[in-house]
Number of protein chains: 2
Amino acid sequence: MEERSKTEKKIINAATELFLEKGKDGARMQEIADRAGINKALLHYYFRSKTKLHEVVFSNELKTFFNGVLGTFKENEDFQTFVKSVVHHYIDNISKHPKLTQFILWEIEKGGENLSKIILQTMKENNFQSNQILDKIQNEISAHRIRKIDPPNLMVSLIGMCLFPFIAKPIIERIIPGINVTSAKFLHRRKEEIFHLVWNGIKPTPE
Amino acid sequence: MEERSKTEKKIINAATELFLEKGKDGARMQEIADRAGINKALLHYYFRSKTKLHEVVFSNELKTFFNGVLGTFKENEDFQTFVKSVVHHYIDNISKHPKLTQFILWEIEKGGENLSKIILQTMKENNFQSNQILDKIQNEISAHRIRKIDPPNLMVSLIGMCLFPFIAKPIIERIIPGINVTSAKFLHRRKEEIFHLVWNGIKPTPE
DNA sequence: GTCTATATCATGATAGAC
DNA sequence: GTCTATCATGATATAGAC
């Protein structure tokens with residue numbers, strides 16, 4: 001991480017808030033300058049273009065998030081603990097960065113290339129490989145400790161169930177009145193529900 | 001549905017393509033006019049504003065999709081069949097309208113209000129109520145035909161697992177090389193996997 | 001490094017002839 | 001109903017003084 005002047009930091013803070021709130025297109029350079037207490041010209045002096053500024057902000061936020069998700073996995077956990085960890089870490093970390101979901105969606109819409117790069121890089125920094133997880137699942141199957149399932153599908157299902165409430169929050173809450181899918185209470189229950197659904201769903205059927 | 005002139009239809013077709021491809025902000029009125037073989041002024045003559053045109057296109061597409069999802073549910077299915085139906089109808093219909101996922105994401109980002117209205121209206125037209133599903137799940141629990149689970153969480157999980165591959169496609173396919181989450185082969189398997197995971201996950205545990 | 005003022009550009013919308 | 005030409009706006013980006 002390079003040294004950053006005081007002004008640079010002010011700009012990044014202001015830009016982070018506004019990009020998270022309104023997205024790249026929605027946020028205006030004028031607004032960012034105002035909130036940072038400087039003028040538009042300085043934004044370009046420091047970051048050359050809006051796109052460049054957006055990239056810096058975006059990449060910072062995502063790295064923090066994914067490091068939070070990946071940094072806490074333990075080696076040699078038993079598989080049941082592993083499943084529970086995935087669910088808890090994902091949901092806890094996304095709760096800490098609520099606006100990040102929209103950020104991620106915006107990136108996906110633009111093709112997801114930058115996002116993928118950051119994820120892959122973060123995985124590398126944490127000595128994490130997607131194959132490693134798939135192999136772990138495959139091992140459990142071979143040892144008959146879980147049912148014969150498709151490993152990639154399990155991964156997609158797990159992460160999908162964790163993230164979906166945050167993605168679809170505005171819809172879900174209008175379709176099922178009275179629910180708040182990001183409340184501590186709902187999320188606490190959700191973690192339990194996902195874990196039990198998955199664990200019961202994959203454990204070997206008694207003969 | 002009102003009568004539409006030939007020109008109006010050409011506009012709607014062109015606009016649908018471009019909005020699906022580039023979103024409301026990405027699509028340009030000039031492009032739409034060009035593709036429809038007319039000029040910009042006519043767009044405003046027929047639809048007054050870009051926002052209005054977008055609403056018309058958007059609402060048409062979504063109604064078609066959700067009618068496809070909801071229109072095929074049967075009354076009085078047993079619960080196992082019901083779960084299977086939800087999974088199959090969701091995935092089959094979203095496969096038929098692949099670009100619609102982005103469309104939905106764009107709407108969610110804008111607050112999801114329009115989208116919710118359309119969903120609720122379509123549910124009404126198909127005599128469908130979200131409570132009805134929640135009650136159905138609750139009944140199964142009371143009759144001890146499934147485990148004691150949280151009904152809203154089950155709904156969110158089911159739909160989340162179906163939609164997530166389409167939402168996160170660009171990311172998943174870069175993280176797990178060699179996979180194609182919208183290929184017929186993967187989706188066929190996915191339907192099976194989701195159903196079995198959920199059914200095993202909720203069926204009563206043998207004493 | 002920081003500012004004011006301005007260039008430049010893209011786009012949605014409209015006026016008015018036919 | 002359809003077109004050409006033009007306006008109005010809002011944004012990024014830059015020039016140049018201090």
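Residue numbering restarts at 1 for every chain, and letters A, B, ... go by the order of the sequence lines.
- Boundaries of the chain A contact region on DNA chain C are C:dG1 to C:dT4, first to last in 5' to 3' order (nucleotide atom under 4.0 Å from a heavy atom).
- Here B:Ser49 lies in heavy-atom contact (under 4.0 Å) with sugar-phosphate atoms only.
- Salt bridge absent: B:Arg190 and B:Glu193 never bring a charged side-chain N and a carboxylate O closer than 4.0 Å.
- In this structure, CG of A:Leu42 is placed 16 Å from P of D:dA15, rounded to the nearest angstrom.
- Ion pair A:Asp34/A:Arg28 not flagged as a salt bridge, since none of the NZ, NE, NH1 or NH2 atoms sits closer than 4.0 Å to an Asp/Glu carboxylate oxygen.
- In this structure, A:Tyr46 reaches the sugar-phosphate backbone alone: every heavy-atom distance under 4.0 Å involves primed, P, OP1 or OP2 atoms, never a base.
- Regarding contacts with the backbone of D:dA13, a side-chain N or O of A:His44 is found under 4.0 angstrom from either OP1 or OP2.
- No hydrogens or angles considered: nothing links the side chains of B:Ser95 and B:Asn93 as a donor-acceptor pair under 3.5 Å.
- Between A:Lys22 and A:Glu31, at least one side-chain N (NZ, or NE/NH1/NH2) sits under 4.0 Å from a carboxylate O, which counts as a salt bridge.
- Residue contacts shown for B:Leu43 are absent, as no nucleic acid heavy atom lies under 4.0 Å away.
- Each of B:Arg28 and A:Ser5 has a nearest nucleotide on DNA chain C; the 5'-most of these lies closest to A:Ser5.
- No engagement by A:Ala33 is indicated, since no non-hydrogen atom pair under 4.0 Å with the nucleic acid exists.
- Residue contacts shown for A:Thr7 are limited to sugar-phosphate atoms, with no base heavy atom under 4.0 Å away.
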